[in-house]
Amino acid sequence: MKLSDDSYDENQNLFLAIVFGVLCALTCAFATVSNDGAAYIFIGILIGNLLVLKIDGLHHIITGLIFILICLICGIPNISIVVLLILVLAALSDEVGHELIANYTENHYVILFFEYRFVMKIVVFLLALCGVFSFEIFILFILFELSYVMAGLVLKKD
């Protein structure tokens, strides 16, 4: 999704933003319909981003609609509303903190904590620790997050 966001925000390339967004929607939707841990994470992120109005471009709308359509057609695993709510709140915390924390503190560590959205990482780790889903899901989520960061670094090189 980082490639989609930056294609649009940095390069004003709506076509590439949509292409990358569709690829993200396809992969995330496949994971969501295949695994309850992925379903919790990706649906939680989607709802969190919807609530903070981060779905703010045509590329986001198309991506979200494709994700939702695939999930509706293929069906999602049976998930707990309580666990989903926990992940939605984690996503909300990350997004709000990411956007606003620098306005309220100069503490470098706190800013980095929200810059790299550590609330969700900690929550996913704790849920794996409690057995809500496997540690494999936590590791895959960390790899997903690392790919997001790496995509940002690759784009900054250009």
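What you see is a predicted model; the values in this text were computed from it and never measured.
Ile66 contributes atom CD1, which lies 12.0 Å from atom SG of Cys71 (distance to the nearest 0.5 angstrom). A distance of 4.5 Å separates CD1 in Ile79 from CG in Leu84, rounded to the nearest 0.5 Å. Note that the CZ atom of Phe15 and the OG atom of Ser7 stand 10.5 Å from one another [nearest 0.5 Å]. Going from atom CG of Leu89 over to atom CG of Asp94 covers 11.5 Å, rounded to the nearest 0.5 Å. Atoms OG and CG, on Ser134 and Leu127 in that order, are 12.0 Å from each other to the nearest 0.5 Å. To the nearest 0.5 angstrom, Phe20 atom CZ is 5.0 Å from Leu3 atom CG.
The two residues Asn107 and Thr105 come nearest to each other via the heavy atoms N-OG1, 3.0 Å. Closest approach of Ala38 and Ala31 over heavy atoms only: CB-O, 3.4 Å. Scanning both residues, Cys28 and Phe144, for their nearest heavy atoms gives SG-CE1, 4.2 Å.
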- Message: Using side-chain contact (heavy atoms from CB on, under 4.5 Å), reason through Ile142 and Phe138 one step at a time and then give a plain yes or no.
- Response: CA-CA 6 Å; Ile142 294 301; Phe138 170 70; 3.6 Å; yes
**OP:** Could you please spell out the steps behind the side-chain contact (heavy atoms from CB on, under 4.5 Å) verdict for Val119 and Phe114?
**Re:** CA-CA 8 Å; Val119 175; Phe114 285 104; 3.8 Å; yes
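Both Val83 and Leu85 belong to a single network of hydrophobic side chains, linked directly or stepwise wherever heavy atoms of I, L, V, M, F, W or Y lie under 4.5 Å apart. In the hydrophobic clustering of this structure, Leu14 does not group with Leu23; members are Ile, Leu, Val, Met, Phe, Trp, Tyr whose side-chain heavy atoms approach within less than 4.5 Å, directly or through other members. Under a hydrophobic clustering in which Ile, Leu, Val, Met, Phe, Trp and Tyr are joined whenever their side-chain heavy atoms come within less than 4.5 Å, directly or via other members, Ile81 and Ile41 fall into different clusters. Taken together through direct or relayed side-chain contacts under 4.5 Å among Ile, Leu, Val, Met, Phe, Trp and Tyr, Phe30 and Val19 form parts of separate hydrophobic clusters. Under the 4.5 Å side-chain heavy-atom criterion for ILVMFWY residues, no single connected hydrophobic cluster contains both Met150 and Met1.
Panel note: side chain Tyr40, backbone Ser80; a donor-acceptor pair is recorded below 3.5 Å.
Counting heavy atoms from C-beta outward, Leu100 and Tyr104 have side chains that approach closer than 4.5 Å.
Residue Phe141 places its CZ atom among more than 12 non-hydrogen atoms of other residues, nucleotides or ligands, all under 6.0 Å distant. In Tyr116, the OH atom is not crowded: 12 or fewer heavy atoms of neighbouring residues, nucleotides or ligands sit closer than 6.0 Å.
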Taking only distance into account, with no hydrogens and no angle test, what donor-acceptor pairs under 3.5 Å do side-chain atoms of residues 42-62 form with protein atoms, sequence neighbours excluded?
unit_1	atom_1	unit_2	atom_2	d
Asn49	ND2	Ile45	O	2.8
Lys54	NZ	Glu99	OE2	2.7
Asp56	OD1	His60	ND1	2.9
His60	ND1	Lys54	O	3.2
His60	ND1	Asp56	N	3.2
His60	NE2	Asp5	OD1	2.6

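Within the structure, side chain to side chain donor-acceptor pair (under 3.5 Å) contacts touching residues 12-34 (residues at least two apart or in different chains) do not occur. Applying the salt bridge (charged side-chain N to carboxylate O under 4.0 Å, His left out) test to residues at least two apart or on different chains, the pairs with a partner in residues 100-118 are Glu95-Arg117.
Remark: Glu145 pairs with Lys121 by the salt bridge (charged side-chain N to carboxylate O under 4.0 Å, His left out) rule, at least two apart or across chains. Taking Phe133 as the reference, nothing meets the ring pair (Phe, Tyr, Trp, His ring centres under 6.0 Å) condition, with sequence neighbours excluded. In this structure, the ring pair (Phe, Tyr, Trp, His ring centres under 6.0 Å) partners of Phe113, at least two apart in sequence or on a different chain, are Phe118.
For the side chain to side chain contact (heavy atoms under 4.5 Å, CB included) test with Val124, the passing option among Val132, Leu87, Ile139, Leu129 is Leu87; the others fail.
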